[in-house]
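The next block holds one structure in the form of structure tokens; read it before the comments.
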Number of protein chains: 2
Amino acid sequence: MFRYDLALIGFGGVNRALAELIAERGDALRAELGFGLRVVAITDLRAGSLVRTEGDGIDLTPLLAVAPGELDFSQLEGGSPEPRNEWVIKEVPADIVAEATFTNPTDGEPALSHLRWAIEAGKHVCTTNKGPIALHGPALRELARRHGVRVESEGTVMSGTPVLRTARRMFGGLTVTGFEGVMNGTSNYVLGRLEAGLSFADAVAEAQALGYAEADPTADVEGYDVQLKVMILAGEVLGADLKRTDVPCTGISSLTAEDVRLAAAEGLRWRLVGSAVRRADGTVEARVAPVALPAEHPLAGVSGPTNAVAFHTDLLGTVTIGGPGAGRTETAYALLSDVIGIHEHTGGAASGFGVKSLQEARRG
Amino acid sequence: MFRYDLALIGFGGVNRALAELIAERGDALRAELGFGLRVVAITDLRAGSLVRTEGDGIDLTPLLAVAPGELDFSQLEGGSPEPRNEWVIKEVPADIVAEATFTNPTDGEPALSHLRWAIEAGKHVCTTNKGPIALHGPALRELARRHGVRVESEGTVMSGTPVLRTARRMFGGLTVTGFEGVMNGTSNYVLGRLEAGLSFADAVAEAQALGYAEADPTADVEGYDVQLKVMILAGEVLGADLKRTDVPCTGISSLTAEDVRLAAAEGLRWRLVGSAVRRADGTVEARVAPVALPAEHPLAGVSGPTNAVAFHTDLLGTVTIGGPGAGRTETAYALLSDVIGIHEHTGGAASGFGVKSLQEARRG
């Protein structure tokens with residue numbers, strides 16, 4: 001039976017949920033997918049690092065029994081109080097590095113370095129981290145190509161909803177001319193409350209009280225979160241390499257309850273839309289802005305935690321994919337789907353390795 | 001360069017549109033997809049049959065210049081006034097048989113025989129024909145497995161919108177517990193006109209006048225078309241092998257304009273929904289019926305020529321795929337996507353064959 005050894009970088013909600021999936025469903029997944037998953041390293045800013053490459057790797061069940069804030073890897077065999085990200089990524093034998101640290105929209109660090117170290121060490125990468133993929137996706141994919149590994153990043157757009165992979169693999173033979181997406185659940189929630197008559201400030205305060213919006217809601221309501229997703233999608237489906245300055249960004253804070261009420265009276269619904277289209281000269285025009293959509297628009301009904309992207313194509317017209325925009329388990333599933341994607345690209349050739357991992361096989 | 005030889009069975013709108021795609025885009029497709037397409041046989045109830053296996057195969061451009069009703073293959077070299085389906089499918093060397101004759105919802109014939117002959121002759125099959133796939137899909141796939149070929153049928157549900165292939169290939173590692181679909185454009189149109197205040201009879205008459213409904217609208221408005229699609233989807237995503245009697249079917253003819261108006265006043269929208277769900281005992285419960293959907297339901301906004309299927313899953317909740325439900329080019333694209341699917345399953349192993357087709361390679 002084929003097996004992948006994983007190093008989890010960042011042990012917050014997403015990688016912890018991935019560990020839960022592996023602990024709870026590992027046997028079922030092995031039976032279905034034809035490969036096993038073994039976690040050989042975990043690093044976390046607060047908990048430190050933990051490495052175990054013998055036997056079944058790290059025993060996940062006792063770790064998952066400890067509350068997230070109370071994990072201390074230094075107390076465990078193979079543990080250290082330091083995250084030791086660089087050492088773990090470069091030196092611990094793993095087939096796949098699962099990167100799920102915080103998103104930095106300015107320069108993508110430290111996740112960008114995590115991904116580069118992994119690729120240069122000959123390890124595949126899966127990540128839910130928007131920063132490095134939005135800012136440096138094409139360069140990272142080229143680096144991975146040179147090193148013979150994969151960079152997979154389904155979870156950077158709409159958690160585990162298979163948006164990137166569908167666009168990449170289901171549209172062969174046709175041309176995607178552009179896309180429009182409703183890709184921010186917080187903005188959906190706030191717009192829904194504006195439709196119900198609340199002021200913008202009250203709607204944001206309510207979203208914060210309910211945990212839907214962060215203490216600083218800027219990235220969501222000003223559109224910066226969607227801006228990164230537009231850059232990622234434009235790279236995947238239009239081959240564009242956009243900078244943040246290439247994507248003009250207007251958030252929903254420019255809307256008033258009165259705007260929303262007047263639009264609703266005309267059958268229009270305001271949505272925060274991230275979009276890109278290929279111009280006649282081949283370049284790509286992208287933007288993020290609130291748009292008043294007519295009821296028959298495929299994104300008009302997208303609301304609350306559901307997100308959706310409408311792809312415009314030459315042969316099929318518009319194809320829309322909707323699903324969860326966020327969530328711990330939903331995003332952890334994105335990482336699992338990335339591992340499946342890596343397996344489909346590489347596993348066929350490697351599947352004679354028996355119980356050895358890719359890394360062991362590479363070492364001979 | 002790898003190449004697939006195609007036999008087109010039925011030369012109505014769909015296979016004719018596929019021939020147009022090949023004639024107009026063959027070179028671009030070859031560059032993108034890594035394989036060429038050559039049509040070596042065409043059969044049609046009215047035009048007869050045409051076979052040319054030498055050189056570039058059948059020259060499609062002059063055929064496409066003739067109006068559909070005026071094609072007469074008997075006037076051409078390699079032509080016959082008879083369709084000769086059985087002989088062409090069994091004897092003409094082709095890699096893939098593209099079946100696009102009329103749908104027979106009772107026993108699937110003659111398409112069912114076309115598919116069986118092709119599979120038993122060692123040929124891959126792609127089809128847009130709902131009859132044989134709905135009624136005998138699991139048996140056909142098993143027959144194909146035994147003969148080492150593929151049966152692909154993306155166009156049987158929502159034309160080229162990648163519903164079946166997404167469900168089969170994008171949901172690895174999670175469990176689909178059921179689905180709901182709005183999969184009939186004629187019903188969508190009629191419901192839209194009922195919402196606008198027309199009577200059912202007037203709405204159907206209008207749809208017929210505009211060419212959206214057939215002279216006998218029974219299959220669309222009584223739900224029988226959706227019933228076949230539910231059987232196909234349930235086979236693909238739930239592993240069910242349903243008979244028509246397993247899928248109770250109520251059409252939209254049971255609705256009045258008053259029903260629709262009253263629902264709209266409560267924020268509900270009637271849609272003809274085909275659905276299936278796995279019961280606790282493992283069996284599958286399926287049905288077709290009009291349902292009054294709340295505005296926030298992912299299918300409530302699906303209208304007109306757009307169709308959509310919402311898949312319910314354990315790890316991702318609901319994932320919805322929307323797109324065109326019909327159309328000549330859209331359905332021809334389904335056949336092209338089937339060929340791509342066949343290539344992805346078999347082409348890797350065969351890609352050392354150079355310019356030889358699979359069939360030539362098989363013959364040595």
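Order of the sequence lines sets the chain letters (A, B, ...), proteins ahead of strands, with each chain counted from 1.
- In this structure, A:Leu315 and B:Glu330 approach most closely via the heavy-atom pair O-CG, 3.6 Å.
- Pairing each heavy atom of A:Pro324 with each of B:Thr318, the nearest pair is CD-O, 3.8 Å.
- Options A:Ile321, A:Thr329, A:Leu316, A:Val319 differ in how many heavy-atom pairs under 4.5 Å they form with chain B, and the most are formed by A:Leu316.
- In terms of heavy-atom pairs under 4.5 Å with chain B, the best-connected choice from A:Leu33, A:Leu174, A:Thr331 is A:Leu174.
- For chain A, no part of B:Ser337 is nearby; none of its heavy atoms comes within less than 4.5 Å.
- For a residue to count as touching a neighbouring chain, one of its non-hydrogen atoms must lie under 4.5 Å from one of that chain's; by this rule A:Asp314 touches chain B with the side chain only.
- Within the model, atoms OG1 of A:Thr175 and CZ of B:Arg25 stand 5.5 Å from one another, a figure rounded to the nearest 0.5 Å.
- Heavy atoms of A:Thr161 lying under 4.5 Å from chain B belong to its backbone as well as its side chain.
- Residue with the most contacts toward chain A among B:Pro162, B:Ala332, B:Ser159: B:Pro162 (heavy-atom pairs, distance under 4.5 Å).
- Rounded to the nearest 0.5 Å, atoms CZ (A:Arg169) and CE (B:Met170) are 4.5 Å apart.
- Heavy-atom minimum distance, B:Tyr333 versus A:Phe171: OH-C, 3.4 Å.
- By number of non-hydrogen pairs under 4.5 angstrom with chain B, the leading residue of A:Gly323, A:Gly173, A:Gly160 is A:Gly173.
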